[in-house]
Amino acid sequence: MAHGMLDLPADELDALFARREARVAVVGFGYIGVVIGAVLADRGWQVTGIDVRPEVVGEITRGTTRVREPGLDDLVARNVGAGRLTATTDFAAVAQQDVVIVTVGTPLGQDYEPVVDDIEAAAKGVAAFLTRGQLVVLKSTVPPNTTTGLVQPILETSGLRAGVDFGLAFCPERLAEGRAVRDLTSIPVVVGGVDARSADVCQRLWREALGVESVVVDSPREAELTKLADNLWIDLNIALANELAKICDKLGSNVTQVIDAANTLPKVNYNVNILMPSMGVGGYCLTKDPWFVHHLGEQLGLDMLTPQTSRAVNDTMPAYTCELLREQLALGGKELKDSRVAVLGIAFKNNTGDCRLTPTRDVVRMLEESGCTLLVHDPWVGPEEALTVTTVPLTATLDDTIRDADAVVYLTGHQQFRDYPMTRVAELTAQDCVVLDGRNAFQRSDVESAGLRYKGIGR
Ligand SMILES: NC(=O)c1ccc[n+]([C@@H]2O[C@H](COP(=O)([O-])OP(=O)(O)OC[C@H]3O[C@@H](n4cnc5c(N)ncnc54)[C@H](O)[C@@H]3O)[C@@H](O)[C@H]2O)c1
């Protein structure tokens, strides 16, 4: 049974958390949900994942997950084995919990508007079994006012009142895929509660559950906006880096040196912090969250230019990358259509198997259309997921992918690729092979000293 923990005095609540006696449900056991659930279970909490997809529940029950993240397989297997992590499709499990964390998806609609249907359905599922004293935490990325304007009224159909009978807060998830497990236990959590008690319980929970401090803001709306601000900043910042890279390519300069030097300038409390350029920006968050801001602006009668700009600039990078490849091959007297091209990495970023909205798809499509002989390898991506990116079946080994290649195109900087010696790349590839470093993951000197031609993005 739930502990009615919202009614507990602070010291008893801390003691309950310290003894790991509070039970946690995570509603929406996708990328974010599984990571949160597995990490909490590994830190001693009893966690139940609730998802509408029976196949996801089946995997967890067998101690596996389709989510590819460093360290996650072990966490899931170990904690399912220990009985701390379970999963179900049945929302009735909500009644047994103290904390209910909602992590369902919030995709973009046809007109680039946020779709919150899954939030609504999940809230209804939770409302049916909501119990006095529980804390509900929404973590999905949502437009402002979703917590109080959509989720709260649905939860209150239970007859319980938010901030009185149950706690409610919005705490955006800010982890990055590829280092999700580490991020979850190191990044401060932003907390926007519907009342002071909800925020206070969240703060105590995150301190004990994840070992991180909270940044408490005035209301859920500030927390909802914080997430959008973070992701707009990242997308816009990378767009700036990408345009600097294009300038550096024209001038024959090194963008990494420029950015590293620029970033030594103190500005108010922090240094300038320009991020690194790359062959494209993709994934489930940065491709949609700037549009959430744009859509919000439209609703408020504002013509927001920054989200459109960041998206437009970053969307140019796959074609730009293909053009760099064409140019580099031409320098060696080769044409793309007659070349053998090895693509390494099709996930949307380094050290993940997530191919949702990946910019690599555009590069691969352009290469497929170019008539070149294309080989593709990604040790993080399974054959089914790979089909969402390319019609070319994945080549199983890195050696077989790059053998006799005229160009090796790194679209991700997976650790396996960084660990693979450039001398070996040179041994296996064709004469005058181009290394196109789409993530600026390698040192030019290492590549050139192995006898290969190097080109990065902006260097
Ligand atoms: N992926 C990331 O790196 C990341 C990072 C930060 C924040 N976010 C945000 O977190 C949220 C989840 O993202 P994700 O990548 O985990 O999405 P996802 O699609 O991988 O997972 C969502 C899960 O929710 C389940 N679901 C859908 N409707 C449901 C319902 N009514 N009840 C129960 N389960 C339901 C789906 O079956 C799926 O397993 C999004 O709002 C996203 O913007 C994602």
Test: D235 and R311 ion pair at under 4.0 Å: yes
message: Using the side chain to side chain donor-acceptor pair (under 3.5 Å) criterion, which residues pair with T103? Sequence neighbours excluded.
response: none
task: Assert yes or no for the condition that the ring centre distance of F17 to W45 is strictly below 6.0 Å.
output: yes
message: If I take atom OG1 from residue T86 and atom CD1 from residue I50, how far apart are they, to the nearest 0.5 angstrom?
response: 9.0 Å
message: Quick one, M276 with T256, criterion side chain to side chain contact (heavy atoms under 4.5 Å, CB included). Give me CA distance, side-chain angles, the key distance, then yes/no.
response: CA-CA 7 Å; M276 282 297 153; T256 311; 4.1 Å; yes
message: Any side-chain to backbone donor/acceptor pair from N237 onto W233? Under 3.5 Å, distance only.
response: no
field: From C248 atom SG to I259 atom CD1, the distance as rounded to the nearest 0.5 Å
entry: 7.5 Å
- request: Go through the steps for T388 and E385 under the test side-chain hydrogen bond (donor to acceptor under 3.5 Å, both in side chains), then give the verdict.
  value: CA-CA 6 Å; T388 65; E385 180 112 20; 4.8 Å; no
message: Set out, in order, the CA-CA distance, both residues' side-chain angles and the distance that settles side-chain hydrogen bond (donor to acceptor under 3.5 Å, both in side chains) for N263 and N271, then state yes or no.
response: CA-CA 6 Å; N263 286 352; N271 279 10; over 6 Å; no
field: 4.5 Å side-chain heavy-atom contact, T316 and K246
entry: yes
query: Taking the six-membered ring where the residue is Trp, are the ring centres of Y410 and F442 under 6.0 Å apart?
result: yes
- request: Check whether any side-chain N or O of R20 sits under 3.5 Å from a backbone N or O of R43 as a donor-acceptor pair, and report yes or no.
  value: yes
query: So do E156 and R161 actually touch side chain to side chain, heavy atoms under 4.5 Å?
result: yes
task: Kindly say whether D42 contributes a backbone atom to a donor-acceptor pair with the side chain of R84 at under 3.5 angstrom?
output: no
- prompt: Is atom CZ of R78 surrounded by more than 12 heavy atoms (other residues, nucleotides or ligands) closer than 6.0 Å?
  reply: yes
task: Check whether NZ of the Lys or CZ of the Arg R444 lies under 6.0 Å from the centre of the six-membered ring of Y454 and within 45 degrees of that ring's axis.
output: no
- line: Taken to the nearest 0.5 Å, the spacing of D230 CG from T226 OG1 works out to 7.0 Å
field: From D289 atom CG to K227 atom NZ, the distance as rounded to the nearest 0.5 Å
entry: 6.0 Å
Main-chain N/O of L135 paired to D98 side chain as donor or acceptor, under 3.5 Å: no
message: Quiz question: by atom type and distance under 3.5 Å, do the side chains of Y320 and N242 form a donor-acceptor pair?
response: no
query: Does any N or O in the side chain of R66 come within less than 3.5 Å of the main-chain N or O of V56, such that one atom is a donor and the other an acceptor?
result: no
message: Given 3.5 Å as the limit, does a donor-acceptor pair link the side chain of K349 with the main chain of E177, or not?
response: yes
query: Does Q134 reach the main-chain N or O of Q97 with its side chain, forming a donor-acceptor pair under 3.5 Å?
result: yes
query: When you check the gap from the basic side-chain N to the acidic O, do D354 and R356 get nearer than 4.0 Å?
result: yes
Full working for side chain to side chain contact (heavy atoms under 4.5 Å, CB included) between V255 and I457: CA-CA 8 Å; V255 76; I457 307 294; over 6 Å; no
field: Those residues that, when tested against E368, pass side chain to side chain donor-acceptor pair (under 3.5 Å) (two or more places apart)
entry: T390, T391
- prompt: Is there a side chain to side chain contact (heavy atoms under 4.5 Å, CB included) between L324 and L436 once you walk through the steps?
  reply: CA-CA 8 Å; L324 287 181; L436 188 74; 4.1 Å; yes
- line: Sorted by chain and number, sequence neighbours left out, side chain to side chain donor-acceptor pair (under 3.5 Å) with R68 holds for D73
- line: Taken to the nearest 0.5 Å, the spacing of E224 CD from T141 OG1 works out to 10.5 Å
message: Determine whether a donor-acceptor pair (N or O, by modelled atom type, separation under 3.5 Å) exists between the side chain of D200 and the backbone of A196.
response: no
statement: Rounding to 0.5 Å, atoms CD (Q203) and CZ (R207) come to a distance of 5.5 Å
H294 vs Y112, side chain to side chain contact (heavy atoms under 4.5 Å, CB included): CA-CA, chis, key distance, verdict: CA-CA 9 Å; H294 177 72; Y112 291 67; 6.0 Å; no
Matching residue for M279 among L411, V409, D362, L325 - test: side chain to side chain contact (heavy atoms under 4.5 Å, CB included): L411
task: Give a yes or no on whether E384 atom CD has more than 12 heavy-atom contacts from other residues, nucleotides or ligands under 6.0 Å away.
output: no
message: Is it the case that the side chain of D378 and the backbone of A347 share a donor-acceptor pair, with hydrogens and angles ignored and the cut-off at 3.5 Å?
response: yes
message: Would you call the rings of W380 and H414 parallel, tilted or perpendicular, taking 30° and 60° as the class edges?
response: tilted
- request: State whether the side chain of S140 and the backbone N or O of V104 hold a donor-acceptor pair below 3.5 Å, judged by distance alone.
  value: yes
